[in-house]
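Labels below follow one simple rule: chain letters A, B, ... track the order of the sequence lines, proteins then strands, and each chain is numbered from 1. Owing to the predicted nature of the structure, the values given are computational and were not obtained by experimental measurement.
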Amino acid sequence: MSTNEVWVYIEQHDGKISDVSLELLGKGSELAKNLKVQTGAVIPGSKVKDLAPLLFSYGADKVYIAEDPSLARYTTLPYAKTMVDLIRQYQPQIVLYGATVTGRDLAPRIASEIKVGLTADCTNLKIGDYTRKEKEYKNILYQIRPAFGGNIIATIVSPEQRPQMATVREGVMKMNNVDKSRKGEVVEFTPTIAKDIIRSEVLKRVQHEKKVNLKGAHIIISGGIGVGSKDNFKLIYDLAHILGAEVGASRAAVDAGYIPKDHQVGQTGTTVRPKLYIAVGISGSIQHMAGMSESNRVIAINSDPEAPIFKLAHYGIVGDLNEVIPRFIEVYKSLKK
Amino acid sequence: MIVLVKQVPDTQNIKGDAMTPEGTVNRAKLPAIFNPEDLNALEEALKLKDKFGGKVTVITMGPPRAADILRESLFKGADDVVLLSDKIFAGADTLATSYALSLAVKKVGDFDIILCGRQAIDGDTAQVGPQTAEKLGVNQVTFVDRVIDLKDKKITVERSIEGGFEEVTSTLPVLLTVTEEANDPRPASAKRVCAYKRAMTPLETQTYDDDYVNGADKNTGFKIKLWGHEDIGAAPEQCGLSGSPTMVKEIESVVLEARDFKNIDKSKVGIESLIKELMTEHIIG
């Protein structure tokens, strides 16, 4: 039965749904509206039925529940088998996955089995037409992603096969506003998982609470390699403290060991869109700027007037951060009085 | 053990002119290196070999010059190497690549563990590992940071997850994708460099005179295997561009939007006016 729906794979661990899955329901429901089809949220797990109302409130029209005790913890083969069976039975036209560790483990396995294309790490998704060798394809999924170190943006299509599949990084798409009055249809699917595909066992799962909340921050002060040392990052923290901001960093600063990786902003780190982004000693690689270019306002502080970051900034201060930041703090304090 | 590796363009410096109209990369225009995490995969295989014995075969798919990374693998300790190279393989996406690699693995024969890097720096897709595992019908464990134990046909590994880690066991055979956290790849052994520096593929031997090539035979007799699509029994329509469902519709260079830009003087007066403006607009409190 071909439903032609737009599907979002809902990732959950111990009944907690990943943010990226809810973000994808936002984008997925937008695509589905364009295509005039329904949005399906697909959730394999062991006790996940109670999560359906939440998925409706974020934009799902249908929730596919696939419960089995062997799906209590994510392991590749039972999850892949369940998804492949669901896709074959209901034939959606699009399936989206978060580009999480789980999504990047699962989606290629499914794509290989059903022999369809898969585009990793999309930063945008659109519907449009495509012509190749005089053949026209209507309403194809444009899978847009940066490639080759962020130097180019490629639009990928898989026009022949269905479903069209893509993974999307966390923080890139916006969640719908929650609408608790939304209702939908629950479809219960019974997975068939033979014993011989249970080949992995998760012995232990340890996850630390996120200490750095870049995504939720209104103001972010980020330091780059220009900060010069781990000790000098104290200046960044001082400014962040006084402004009530979160501390971010460029990949170069993380690689240099100035600050842990969970602070990294950019394509390989966290994508952010705060009210104010202050980039200190960051020259502005494409991969960094891709992760913060949607900030409402950007202040760049850099001693090199030619630094690319100034092209993206609303305000630029050319100067040594050791001079500029203490002055900024001093002036701010005096104005607050 | 089988290790799957890839020669990749150095992605720091790619211009539009290195792309073909089909949207695939013209690798000949870029400096080529051993994909970093594939070195970690090779190292993990060599460590397992040091501890438990066995044989390490390295396979790569790519243009003739990808033989460079096979020689590098020999220098570090690989027992055998295979280059999959054929015009028919060109332009392959991850699905067509994993199809060819899985057939090459089958031709190599029995294995307990396949290792590859988590992802290649040119595509960052991390798809070829899982897709090859699927085509071979073997289990997979991705993002492996550490091999904890290997006994009774079972392997226990630590893999990274968002903000933490997981300890996972798998029965053999299994395909592991290995992260840069796993190890520090060993340098080439001087002895092995001497032994294998003239290891060449049949394509390369054509370009040298007989004396040089025969010198190779005198040293070790080692030749790099070169397999085309017929050698591995691959159906041409499932290889390369024709076996790839994904196509590149268009490529754009990244262009930054112009913004209203204010140059703020670093003086006290300059900074004061900036802060006042931000406060007035309630951007900062």
Side-chain angles (χ1 to χ4, degrees), chain A residues 76-77 100-101 104-105 108-109 111-113 115-121 130 132 142 148-161 199-208 210 219 243-244 275-276 286 289 297 311-319 323-324 327-328 331-332 335, chain B residues 11-12 14 16 23 25 93-95 98 122-127 130-131 133-135 139-143 156 160-171 244-254 256 259-264 266 268 270-272 274-276 278-279 283-285:
Chain A
T76 313
L77 299 188
T100 57
V101 168
R104 290 158 73 94
D105 186 87
R109 186 95 195 185
S112 178
E113 185 158 356
K115 298 191 174 62
V116 300
L118 172 67
T119 304
D121 285 337
Y130 175 63
R132 185 168 184 268
Y142 289 179
F148 304 106
N151 293 294
I152 55 171
I153 300 286
T155 302
I156 315 276
V157 291
S158 338
E160 294 278 359
Q161 286 86 359
R199 297 188 212 161
S200 274
E201 189 190 344
V202 178
L203 303 176
K204 202 196 277 179
R205 186 178 167 92
V206 179
Q207 220 170 352
H208 310 289
K210 263 198 216 165
I219 305 175
L243 292 175
K275 280 201 300 187
L276 177 64
I286 297 273
M289 295 203 278
R297 294 291 170 92
K311 291 200 186 99
L312 199 94
H314 303 86
Y315 308 97
I317 305 175
V318 178
E323 189 185 339
V324 175
R327 192 170 292 152
F328 195 107
V331 173
Y332 180 76
L335 285 172
Chain B
T11 51
Q12 301 307 318
I14 298 186
V25 185
D93 71 0
T94 62
L95 204 64
S98 56
D122 55 347
D124 289 331
T125 70
Q127 288 173 191
Q131 294 186 330
E134 191 281 325
K135 300 239 175 302
N139 193 24
Q140 71 191 45
V141 183
T142 53
F143 292 79
T156 309
S160 56
I161 57 171
E162 285 83 11
F165 67 91
E166 250 181 17
E167 238 177 76
V168 184
T169 61
S170 169
T171 53
S244 302
T246 60
M247 295 162 199
V248 177
K249 182 182 164 283
E250 60 184 326
I251 297 282
E252 289 169 74
S253 286
V254 173
L256 297 172
R259 297 252 163 121
D260 287 337
F261 180 75
K262 270 190 201 170
N263 198 358
I264 307 291
K266 65 177 177 179
K268 200 173 162 181
I271 290 173
E272 195 172 283
L274 169 64
I275 295 177
K276 276 184 176 161
L278 294 173
M279 282 176 155
I283 290 171
I284 56 177

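Neither the backbone nor the side chain of B:Asp93 comes within contact range of chain A; no heavy atom of the residue lies under 4.5 Å from a heavy atom of that chain. For B:Ile161, the parts lying near chain A are the backbone and the side chain together; criterion is any non-hydrogen pair under 4.5 Å. With a threshold of 4.5 angstrom between heavy atoms, A:Tyr130 approaches chain B through side-chain atoms but not through N, CA, C or O. For chain B, the nearby parts of A:Asp105 are the backbone and the side chain; heavy atoms of each come within less than 4.5 Å. The part of A:Ile219 that comes within reach of chain B is its side chain, from C-beta onward, which places non-hydrogen atoms under 4.5 angstrom from that chain. In this structure, chain B has heavy atoms under 4.5 Å from both the backbone and the side chain of A:Glu201. For chain A, the nearby parts of B:Phe165 are the backbone and the side chain; heavy atoms of each come within less than 4.5 Å. Only the side chain of A:Leu243 comes within contact range of chain B, judged by heavy atoms closer than 4.5 Å. Interface remark: A:Val202 contributes backbone and side-chain atoms alike to the contact with chain B (heavy atom separation under 4.5 Å). For chain B, the nearby parts of A:Thr100 are the backbone and the side chain; heavy atoms of each come within less than 4.5 Å. Interface residue B:Ile283: backbone and side-chain heavy atoms are both found under 4.5 Å from chain A.
Across all their heavy atoms, B:Glu166 and A:Arg205 have their closest contact at OE2-NH1, 2.6 Å. In terms of heavy-atom proximity, B:Met247 sits nearest to A:Arg132 at SD-CD, 3.3 Å. Residues A:Pro108 and B:Gln131 share a closest heavy-atom pair of O-CG, 3.1 Å. Here the closest heavy-atom approach between residue A:Tyr315 and residue B:Leu278 is recorded as CE1-CD2, 4.1 Å. Residues A:Arg104 and B:Pro130 approach most closely at O-CG, 4.2 Å, considering heavy atoms. Pairing each heavy atom of A:Ser158 with each of B:Thr246, the nearest pair is OG-CG2, 3.8 Å.
For the set B:Asn139, B:Val168, B:Ile271, the count of heavy-atom pairs under 4.5 angstrom toward chain A peaks at B:Asn139. For chain A, the option among B:Gln140, B:Lys262, B:Glu250 with the highest count of heavy-atom pairs below 4.5 Å is B:Gln140. Counting heavy-atom pairs under 4.5 Å between each of A:Val331, A:Val157, A:Ile156, A:Val324 and chain B puts A:Val157 at the top. Chain B forms the most heavy-atom pairs under 4.5 Å with one residue out of A:Lys204, A:Arg109, A:Gln207, and that residue is A:Arg109. Highest contact tally toward chain B, considering only A:Val318, A:Val101, A:Leu335, A:Asp121, is held by A:Val101 [criterion: heavy-atom pairs under 4.5 Å]. Per-residue heavy-atom pair counts under 4.5 Å with chain A were compared for B:Ser170, B:Ser244, B:Ser98, and the maximum is reached by B:Ser170. Highest contact tally toward chain A, considering only B:Thr94, B:Val141, B:Asn263, B:Leu274, is held by B:Leu274 [criterion: heavy-atom pairs under 4.5 Å].
The side-chain heavy atoms of B:Ile275 and A:Phe328, taken from C-beta on, include a pair separated by under 4.5 Å. Side chains of B:Ile284 and A:Lys275 form no contact here, defined as non-hydrogen atoms less than 4.5 Å apart. Counting heavy atoms from C-beta outward, A:Lys311 and B:Phe261 have side chains that stay 4.5 Å or more apart.
Between atom CZ of residue A:Arg297 and atom NE2 of residue A:His314 there is a gap of 6.5 Å, rounded to the nearest 0.5 Å.
A salt bridge links B:Glu272 and B:Lys276; the closest N-O separation between the charged side-chain nitrogens and carboxylate oxygens is under 4.0 Å.
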